[in-house]
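Proteins get letters first, then strands, A, B, ... in listed order; numbering begins at 1 in each.
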2 protein chains.
Amino acid sequence: MKMSEGVEWGLHCCLALAWLGDDTAVPTATLASAFDVPPHYLNKFLQALVRADILASSAGVKGGFRLAKRPEKITLLDVVTAIEGPEASFRCTEIRRRGAGVTARPSEFAMPCGIAIAMGRADAAWRRELAAQTVADLVKAAPPAGAERMRCWYAPRAR
Amino acid sequence: MKMSEGVEWGLHCCLALAWLGDDTAVPTATLASAFDVPPHYLNKFLQALVRADILASSAGVKGGFRLAKRPEKITLLDVVTAIEGPEASFRCTEIRRRGAGVTARPSEFAMPCGIAIAMGRADAAWRRELAAQTVADLVKAAPPAGAERMRCWYAPRAR
DNA sequence: GCCTATGTACTCGGATATCTGCTGTCCGAGTCGGATCGG
DNA sequence: CCGATCCGACTCGGACAGCAGATATCCGAGTACATAGGC
């Protein structure tokens with residue numbers, strides 16, 4: 001069970017865009033060079049964040065990406081869900097009904113699988129913790145020097 | 001991010017073995033037929049559970065698998081870790097140090113990456129919830145009819 | 001001098017190859033149980 | 001009849017292919033800006 005590295009990239013991009021402010025559009029190439037990742041591949045994840053209404057994109061010469069909402073409104077769960085998809089990591093395939101289970105009376109399966117419930121409880125705790133944190137919290141926790149560096153990185157590339 | 005289906009299989013096998021009691025060894029083929037899964041593939045995960053000291057295996061004609069400890073001592077986290085591995089789903093690759101980060105003073109990276117901390121907090125909540133539940137809890141939550149069916153499934157295959 | 005039309009360069013967006021890790025399968029080493037033979 | 005020995009079949013354990021999803025890359029559609037021309 002490995003999470004896509006796109007989640008890490010997406011979160012860092014959101015933090016960088018929050019640092020730069022709301023009115024500056026940053027193209028993929030600039031973000032990719034800031035983290036030294038493949039630009040075309042990063043673009044794939046930025047598109048996913050646009051579809052989830054986390055980022056807003058603008059085309060054209062001075063186009064690029066910016067945050068679609070205020071940082072306080074973007075939770076970590078939003079970003080993770082946008083990139084990893086909404087499905088839970090554990091998926092119950094109801095193997096209890098197969099094999100020995102085919103002889104059971106249907107009423108036995110009236111209540112959902114206890115294993116799925118237990119795993120779902122852990123998944124809910126995970127999502128709850130992710131939903132409790134926003135990009136604004138990341139901004140507050142990060143050292144201020146990072147924001148300054150990101151502005152210095154962006155400035156010479158803007159026109 | 002998809003969890004291996006081996007986790008579901010492993011948990012159902014632990015539950016079945018807890019139902020059958022401590023002194024009956026169940027071979028792979030019987031467990032596989034009980035859930036209608038590929039026997040050789042299931043064996044792979046049962047081996048992982050043995051390595052984690054969750055199951056105990058015995059060779060020979062009347063050999064098979066049984067629980068290595070009491071069900072109260074086996075947490076869901078134990079089973080998940082045995083099959084999925086101990087690593088967290090999110091892995092920080094420190095991209096903050098690359099690209100724009102190479103110009104930063106080393107002191108800026110004295111404290112760990114805030115994004116990794118936030119994701120680690122969610123991962124900790126997930127593990128905490130998994131560690132709080134044991135196989136014995138699954139036994140209590142499951143309908144008693146399941147245990148009876150499993151015994152009926154096992155009995156004609158034992159000698 | 002001002003407005004409009006045009007062209008260009010740059011952007012995002014989706015469609016396309018490659019590759020690692022999960023999925024599925026197989027055969028060999030080891031072991032227990034039972035059968036056989038001898039006393 | 002009882003015990004030791006041998007044989008056989010069954011078990012686990014690790015090593016070997018196949019495939020799906022993540023990784024990485026590319027090119028096309030669309031847009032905003034700058035420029036040139038006309039009024």
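Residues of residues 87-95 of chain B having a heavy atom closer than 4.0 Å to DNA chain C: none are found. Non-hydrogen atoms lying under 4.0 Å from DNA chain C are contributed by A:Asn43, A:Gln47, A:Arg51, A:Ser57, A:Ser58, A:Gly60, all within residues 40-60 of chain A. Within residues 3-32 of chain A, the residues approached by DNA chain C to less than 4.0 Å at the level of any non-hydrogen atom are A:Pro27, A:Thr28, in residue-number order.
Between A:Leu15 and A:Met150 there is no side-chain heavy-atom pair separated by less than 4.5 Å. In this structure the side chain of B:Val80 reaches within 4.5 angstrom of the side chain of B:Trp126, judged on heavy atoms. Residues B:Tyr41 and B:Trp9 have side chains in contact (heavy-atom distance under 4.5 Å, counting atoms from C-beta outward). No side-chain heavy atom of B:Leu46 sits under 4.5 Å from any side-chain heavy atom of B:Val50. Residues A:Leu76 and A:Leu138 meet the side-chain proximity criterion, which asks for heavy atoms closer than 4.5 Å.
Counted within 6.0 Å of CZ on B:Arg70, heavy atoms from surrounding residues, nucleotides or ligands total 12 or fewer; the atom is thus considered open. The local environment of NZ in A:Lys73 is sparse, with at most 12 non-hydrogen atoms from other residues, nucleotides or ligands closer than 6.0 Å.
Criterion: ILVMFWY side-chain heavy atoms under 4.5 Å apart, direct or through other members. Under it, B:Met3 and A:Met3 are part of a common hydrophobic cluster.
When the local axes at the two ends of the helix from C:dG1-D:dC39 to C:dG39-D:dC1 are compared, using 5 base pairs at each end, they differ in direction by 10° after rounding to 10°.
In this structure, the CE atom of B:Met1 is 14 Å from the P atom of C:dC22, given to the nearest Å. Rounded to a whole Å, the NZ atom of B:Lys2 is 15 Å from the P atom of C:dG21.
For A:Arg66, the salt bridge (Lys or Arg N to Asp or Glu O under 4.0 Å) test picks out no residue, with sequence neighbours left out.
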N/O donor-acceptor pairs under 3.5 Å from side chains in residues 84-94 of chain A, not counting sequence neighbours:
{"residue": "A:Glu84", "atom": "OE1", "partner": "B:Met1", "partner atom": "N", "Å": "2.5"}
{"residue": "A:Glu84", "atom": "OE2", "partner": "A:Ser4", "partner atom": "N", "Å": "2.6"}
{"residue": "A:Glu87", "atom": "OE1", "partner": "A:Arg91", "partner atom": "NH1", "Å": "2.6"}
{"residue": "A:Arg91", "atom": "NE", "partner": "A:Ala88", "partner atom": "O", "Å": "3.1"}
{"residue": "A:Arg91", "atom": "NH2", "partner": "A:Ala88", "partner atom": "O", "Å": "3.4"}
{"residue": "A:Thr93", "atom": "OG1", "partner": "B:Glu8", "partner atom": "OE1", "Å": "2.8"}
{"residue": "A:Thr93", "atom": "OG1", "partner": "B:Glu8", "partner atom": "OE2", "Å": "3.2"}
{"residue": "A:Glu94", "atom": "OE1", "partner": "A:Arg96", "partner atom": "NE", "Å": "2.8"}
{"residue": "A:Glu94", "atom": "OE1", "partner": "A:Arg96", "partner atom": "NH2", "Å": "3.4"}
{"residue": "A:Glu94", "atom": "OE1", "partner": "A:Arg97", "partner atom": "NE", "Å": "2.9"}

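In this structure, the separation between CG on B:Leu55 and CZ on B:Phe65 is 7.0 Å, given to the nearest 0.5 Å.
Side-chain contact of A:Trp153 with B:Thr103: a donor-acceptor pair under 3.5 Å is absent, judged by distance alone.
Between B:Glu108 and B:Arg105 there is no salt bridge, since none of the side-chain N atoms of the basic residue sits less than 4.0 Å from a carboxylate O of the acidic one.
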